[in-house]
Amino acid sequence: GLGAQVRDGVIVAAASRQDLPGKADAGATYLFRNNGTQWVTDSKITASNAVTSDIFGSAVALNGQRTFIGALGADPGGQSAAGASYVYDPVTRSTLSGGLNVNSGGALTQAARVAAGGAVNYTSGSTIAINGALDAGANTVTLNAPGAVSQLAPITASSLALLGAGGSYALTNAANSISTLAANTGSLSFTNGGSFTVGTVAATSGITANGNVLLDAQGAGSNVTVAANINKTSGADATLAGRAAGDIVFSGGADVSSTS
C-alpha cells in the first residue's frame with residue numbers, strides 16, 4: 001500500500017494507485033483486523049462512483065472504528081481533481097458524500113446507520129447483517145452473499161439487487177422503502193413499506209430463485225407490480241407467495257415459471 005495506519009487492533013492500508021476494472025489508478029483501501037493470533041483481511045473498500053485517476057486512498061486515517069479516506073483526484077460536482085473525502089464506519093453512524101463498496105471474505109455486519117450519496121455494494125463470502133439503517137437515497141443497493149442475509153433496520157433505496165448462489169434473504173422490515181427489486185439467489189422473503197416493482201436492476205432482471213419467494217407490500221393501497229419474470233430454478237419444491245394491501249399486478253408480459 002501507499003499509506004497505512006494501525007490503531008486498536010485495526011490496520012488500514014491504502015492502495016491509491018490500484019486499478020479497478022477499466023479504471024486505472026481509481027484506488028482502493030484495505031482493512032485488516034487482529035483475531036488474537038494473526039492479522040486477517042477484513043474488508044476491501046472502494047468508491048462505488050469510482051473513475052480513472054480518483055486516487056482513492058491518497059490519505060487514510062483511523063479514529064476509533066472510523067476509517068477516513070481521501071481521494072485526491074476525485075471530481076466532485078464536475079470540478080476536476082478537486083478531491084473528496086469518505087468516512088467508513090461499521091460501528092457508529094456514517095454519512096458519505098459518495099457511494100460505498102465493501103467486500104468481505106467473511107461475515108459482513110453493518111452495525112449502525114449508514115447514509116450514502118451514491119450506490120452501495122456489500123459483498124460477503126458468507127453472511128450479511130444490516131443492523132443499522134441503510135439509506136442510499138435515490139441510488140441502488142446491491143447485496144451479494146452465499147449465506148443468510150438479515151436485517152434489524154430498514155433499507156432505503158431506489159432499487160435493490162439481491163445476489164449470491166444459495167443466498168437466503170430475510171429482509172422483512174416493514175419500514176423498507178424500495179421502488180424496484182431484482183434478485184438472483186436461493187430464497188427470498190421481502191417486505192416493503194409501500195408499493196414496489198419486480199423489475200430490472202443493473203444486469204439483474206426479475207427474480208430467479210431455487211427456494212421460496214415471499215413478496216409483501218404493506219401500507220394502505222400498496223401494490224406489488226411484476227414487470228419482469230419470476231423464475232423458480234431446479235431444486236427442491238418451492239413456493240411463491242405475494243401479499244399486498246392493494247393489488248398484485250402483472251405488466252409488460254411478465255410471468256411466473258418453474259424450470260425444475
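Both backbone and side-chain heavy atoms feed into the values below; hydrogens, waters and symmetry mates do not. By convention here, the first residue in the shown sequence is residue 1.
Shortest non-hydrogen contact noted between Lys44 and Ala28 is CE-CB, 4.0 Å. Scanning both residues, Ala227 and Ala254, for their nearest heavy atoms gives C-CB, 3.7 Å. Among all heavy-atom pairs drawn from Gly194 and Ala217, the shortest one is O-CB, 3.6 Å. The nearest pair of heavy atoms linking Gly132 to Ala153 is C-CB, 3.3 Å.
Residues Ile130 and Val201 do not share a hydrophobic cluster, clusters being chains of Ile/Leu/Val/Met/Phe/Trp/Tyr side chains in contact below 4.5 Å. Taking hydrophobic clusters as Ile, Leu, Val, Met, Phe, Trp and Tyr residues chained together by side-chain heavy-atom distances below 4.5 Å, Leu20 does not share a cluster with Leu100. Val51 is not connected to Tyr86 by any chain of hydrophobic side-chain contacts under 4.5 Å among Ile, Leu, Val, Met, Phe, Trp and Tyr, and they are in different clusters.
Counting only heavy atoms from C-beta outward, the side chains of Val114 and Val120 never approach each other to under 4.5 Å. In this structure, Val249 and Val224 have side chains that are not in contact, with every pair of non-hydrogen atoms separated by 4.5 Å or more.
To the nearest 0.5 Å, the span separating CG on Asn139 from OG on Ser158 amounts to 8.0 Å. For the atom pair OG1 of Thr225 and CZ of Phe250, the computed distance is 10.0 Å after rounding to the nearest 0.5 Å. Taken from CG in Leu31 to CD1 in Ile11, the straight-line distance is 10.0 Å, to the nearest 0.5 Å. Taken to the nearest 0.5 Å, the CG atom of Asn210 stands 4.5 Å off from the OG1 atom of Thr233. Taking CG of Leu108 as the start and CD1 of Ile128 as the end, the distance is 5.5 Å to the nearest 0.5 Å. Rounding to the nearest 0.5 angstrom, the gap separating the CZ atom in Phe56 from the NZ atom in Lys23 is 12.5 Å.
Defined by atom type and a distance below 3.5 Å, a donor-acceptor pair is present between the side-chain atoms of Thr140 and Ser159. For the residue pair Ser257/Asn231, the side-chain donor-acceptor check at 3.5 Å is satisfied.
Sequence neighbours left out, the pairs with a member in residues 193-203 that pass side chain to side chain donor-acceptor pair (under 3.5 Å) are Thr200-Ser205.
If you run side chain to side chain contact (heavy atoms under 4.5 Å, CB included) between Phe68 and each of Thr29, Asn63, Val12, Val60, only Asn63 comes through. Paired with Leu215 under the rule side chain to side chain contact (heavy atoms under 4.5 Å, CB included), one option of Val226, Asn192, Ile248, Ile230 passes, and it is Ile230.
Side-chain atoms of Asp255 do not come within 3.5 Å of backbone N or O of Asn229 as any donor-acceptor pair.
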All N/O donor-acceptor pairs, side-chain side in residues 160-182, below 3.5 Å, sequence neighbours left out:
residue: Ser168; atom: OG; partner: Ser187; partner atom: OG; Å: 3.4
residue: Tyr169; atom: OH; partner: Leu143; partner atom: O; Å: 2.9
residue: Tyr169; atom: OH; partner: Leu163; partner atom: N; Å: 3.2
residue: Tyr169; atom: OH; partner: Leu163; partner atom: O; Å: 2.6
residue: Asn173; atom: OD1; partner: Ala175; partner atom: N; Å: 2.8
residue: Asn176; atom: OD1; partner: Gln151; partner atom: NE2; Å: 3.0
residue: Asn176; atom: OD1; partner: Ile155; partner atom: N; Å: 2.9
residue: Asn176; atom: ND2; partner: Gln151; partner atom: OE1; Å: 2.8
residue: Asn176; atom: ND2; partner: Asn173; partner atom: O; Å: 3.2
residue: Asn176; atom: ND2; partner: Thr191; partner atom: O; Å: 3.0

Check: residues 69-83 side-chain donor-acceptor pairs under 3.5 Å, at least two apart:
residue: Asp75; atom: OD1; partner: Ala81; partner atom: N; Å: 2.5

